[in-house]
Enquirer: 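Before anything else, here's the structure in question.
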Number of protein chains: 2
Amino acid sequence: MVKITDVARHAGVSPSTVSYALSGKRPISEETRLRIEEAIRELGYRPHAGARALASSRSNVLALVMPLRSGINVPVVMQFAVAVVTAARRHDHDVLLLTQEEGEDGLRRVADTALVDALIVMDVQLHDPRLPLLRALNRPSVLIGFPASAQGLTCIDLDFIAAGELCVEHLVGLGHRVVALVGSPPEVYVRGTGFAQRVVQGFTAAADRHRLVSSVHPCEAAPAAARGVAERLLREQPALTGVVVHNEAVLEPLIDAFESLGLRVPGDMSVTAICPEEQAADARVPVTSVAVPSAEVGERAVELLTKKLGGSAVPEATLLAPHLTLRASTAPRSAP
Amino acid sequence: MVKITDVARHAGVSPSTVSYALSGKRPISEETRLRIEEAIRELGYRPHAGARALASSRSNVLALVMPLRSGINVPVVMQFAVAVVTAARRHDHDVLLLTQEEGEDGLRRVADTALVDALIVMDVQLHDPRLPLLRALNRPSVLIGFPASAQGLTCIDLDFIAAGELCVEHLVGLGHRVVALVGSPPEVYVRGTGFAQRVVQGFTAAADRHRLVSSVHPCEAAPAAARGVAERLLREQPALTGVVVHNEAVLEPLIDAFESLGLRVPGDMSVTAICPEEQAADARVPVTSVAVPSAEVGERAVELLTKKLGGSAVPEATLLAPHLTLRASTAPRSAP
DNA sequence: TTGAAAGCGCTAACAT
DNA sequence: ATGTTAGCGCTTTCAA
């Protein structure tokens with residue numbers, strides 16, 4: 001194995017000079033830097049990761065904890081993981097994959113053995129059992145999603161309030177005056193899952209601001225429930241022409257229900273959704289939607305982490321601005 | 001930070017004794033082992049991963065290279081990754097995630113820096129550019145999928161020949177005598193993607209063995225193509241009652257096509273598929289199918305790798321036996 | 001059954 | 001701008 005002393009000898013310098021040339025932590029004269037670079041190339045030198053980690057107390061590895069529970073959207077998670085790995089490489093880090101299954105012990109293990117420098121935790125719940133540990137851990141972490149309190153943590157996610165507002169504003173721009181939010185199953189609100197409530201909040205605020213008639217309808221994740229909601233909406237709000245769906249499971253069934261009730265989408269009813277990009281794009285009627293920007297979340301999470309590793313302070317909460325993608329499911333309100 | 005010397009002092013033994021107690025590489029008297037264990041617990045000792053890697057030249061980390069190209073089945077990849085991580089943990093290893101994007105340089109980097117002890121490479125192509133590197137690398141690897149030659153490598157995958165046979169035999173058992181294989185797009189065979197040809201091979205061999213009338217039909221991955229194949233099948237093989245589909249993209253469209261042509265599935269036409277479990281199970285008519293057992297592939301890959309790391313020889317090719325799951329799409333041939 | 005001590009390959013303080 | 005050198009925390013020979 002080629003080591004740093006071999007390179008040093010070959011280049012006629014000391015090992016530390018090679019080390020500094022590699023890390024850039026102190027100025028090296030142009031001339032010796034070139035000699036060192038050539039020696040490295042000729043010998044095919046690669047610094048030993050373990051030795052580096054030991055001497056510098058930096059492994060240059062990040063842990064990524066992926067969710068396992070059912071109900072997660074697999075392609076979204078994958079996209080996110082790929083973004084994290086790609087961004088981590090740009091910052092000269094590698095990514096160690098942990099499953100949720102390993103739980104708190106797994107987090108403690110990779111942190112305490114100095115296997116990783118920092119952690120990214122996906123799918124954080126409102127009262128996630130890992131929160132106390134993450135706060136206490138001697139390594140920085142970034143959480144994807146918001147727990148009840150971000151106090152002492154670093155969290156990042158889509159700004160769901162702004163997403164709710166954005167959908168309403170899009171409908172307003174198209175002339176719609178009576179709108180409804182078809183939301184998550186009731187138990188999600190009862191449980192107090194942060195982002196569902198935030199969508200309601202944004203939706204309602206924007207609707208009020210624009211003096212719309214609006215209503216909110218939790219909905220079970222089943223086609224039959226979608227049908228039921230559609231019927232109720234038409235009965236109770238005959239003037240309804242715009243709907244925001246925040247429940248990916250019923251998006252298609254709801255559109256089907258509207259159409260089988262004689263309404264055309266978007267001719268008679270405009271539908272917008274907050275859901276994974278794929279589902280909006282691949283629907284029978286492609287749906288105008290706000291997606292969770294998983295790639296951006298991944299990149300920004302890595303950036304936050306490297307900043308923390310660099311000693312900079314970062315905000316406890318980072319909210320990503322929503323973007324609405326226009327598709328075939330929304331149109332101007334037709335003349336009454 | 002608590003280190004091994006702290007534990008040693010606390011337990012009244014030498015550091016080497018603690019090390020040996022931890023690794024089990026030499027016998028330790030019951031009594032001192034207990035004292036050491038207690039000291040470890042009391043002090044909350046965790047061996048430093050980097051120091052370990054440096055001293056033992058083992059990082060206890062495996063690299064997992066995930067595919068990125070479009071056309072991969074994301075949930076299958078995820079399932080596989082989770083299985084790898086879980087199995088790796090059972091063997092006291094962690095998993096470093098690499099993307100295909102990093103290519104050969106990435107493989108070389110993690111191998112040469114001793115970041116990982118061994119590699120698992122997914123989505124291996126017939127003439128994968130990484131093959132020479134993997135053969136030359138100083139670290140063991142396992143490939144998921146089979147290249148043109150497994151010579152000097154360790155490969156694992158579903159036994160696609162047996163899968164083709166199994167589907168035919170299932171249809172034979174139900175009394176079907178005229179069968180067809182609806183396969184991958186023509187270019188897949190031209191490109192010589194190993195597993196597609198192997199399915200044809202198994203299908204044809206089993207059909208011949210049972211003296212069936214059989215035919216093979218490549219099919220583009222588009223609903224319209226499925227419709228076309230269905231029409232041609234009925235025209236050219238009016239006696240056809242059993243179909244094997246090895247093209248997940250057209251599975252549902254093909255069934256739709258049969259039904260819109262007046263055939264009921266499975267009443268008039270039995271359909272079996274070789275495809276991801278999800279797609280077979282979630283189809284409108286749940287499809288009797290052989291799935292790629294991703295979890296098992298992952299586990300076995302890790303086992304092969306740890307065996308190689310332990311110095312044992314392992315076979316170049318490991319073929320996993322296919323299993324057929326009965327669902328609603330196949331039934332006995334109805335009386336003519 | 002246990003201990004002593006020499007590294008593993010690198011970084012970073014300290015010197016010049 | 002560069003060199004010297006003392007560790008980083010662990011494993012593993014060698015010795016007892």
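Predicted, not measured: the structure shown is a model, and the values here were computed from it.
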Enquirer: To the nearest angstrom, how far is L54(A) atom CG from dA6(D) atom C1'?
Expert: 13 Å
Enquirer: Mind checking S19(B) for me? I need base, sugar-phosphate or nothing, with any heavy atom below 4.0 Å counting as a touch.
Expert: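 Counting heavy atoms under 4.0 Å across all strands, the contact made by S19(B) includes a base.
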Enquirer: Return the 5'-most residue of the pair P15(B), P15(A) with respect to DNA chain D, ranking by each residue's nearest nucleotide.
Expert: P15(A)
Enquirer: Would you say Y45(A) reaches dC10(C)'s phosphate, i.e. side-chain N/O to OP1/OP2 under 4.0 Å?
Expert: yes
Enquirer: Roughly what angle, to 10°, lies between the helix axis at the start of the helix from dT1(C)-dA16(D) to dT16(C)-dA1(D) and the one at its end, five pairs per end?
Expert: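 Answer for the end axes of this duplex: 30°.
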Enquirer: Using the side chain to side chain donor-acceptor pair (under 3.5 Å) rule, take S29(A) and T32(A) through it: C-alpha gap first, then chi angles, then the decisive distance, then the call.
Expert: CA-CA 6 Å; S29(A) 77; T32(A) 67; 3.3 Å; yes
Enquirer: Using heavy atoms to find the nearest nucleotide of DNA chain D for S56(B) and T17(A) separately, return the residue whose nucleotide is more 5′.
Expert: T17(A)
Enquirer: Starting at CG of L22(B) and ending at P of dG9(D), how long is that distance when rounded to a whole Å?
Expert: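 One finds 16 Å between P of dG9(D) and CG of L22(B), rounded.
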Enquirer: Please report the distance, rounded to the nearest Å, between CD1 in I4(B) and P in dG9(D).
Expert: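 Atom-to-atom, I4(B) to dG9(D), this comes out as 12 Å.
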Enquirer: For DNA chain C, what residues of residues 26-35 of chain A have any heavy atom nearer than 4.0 Å?
Expert: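 Only R26(A) qualify.
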Enquirer: Rounded to whole angstrom units, what separation is found between the CG atom of D117(B) and the C1' atom of dC8(C)?
Expert: 15 Å
Enquirer: Counting any heavy atom closer than 4.0 Å, what does S16(B) reach on the DNA or RNA strands: base, sugar-phosphate only, or nothing?
Expert: base
Enquirer: Quick one: is dT4(D) close enough that its OP1 or OP2 comes under 4.0 Å of any side-chain N or O from S14(A)?
Expert: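 False: S14(A) side-chain N/O out of range (4.0 Å or more) of dT4(D) OP1/OP2.
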Enquirer: Please report the distance, rounded to the nearest Å, between OH in Y20(B) and C1' in dT1(C).
Expert: 12 Å
Enquirer: Under 4.0 Å between a side-chain N/O of K25(A) and OP1 or OP2 of dT11(C), yes or no?
Expert: no
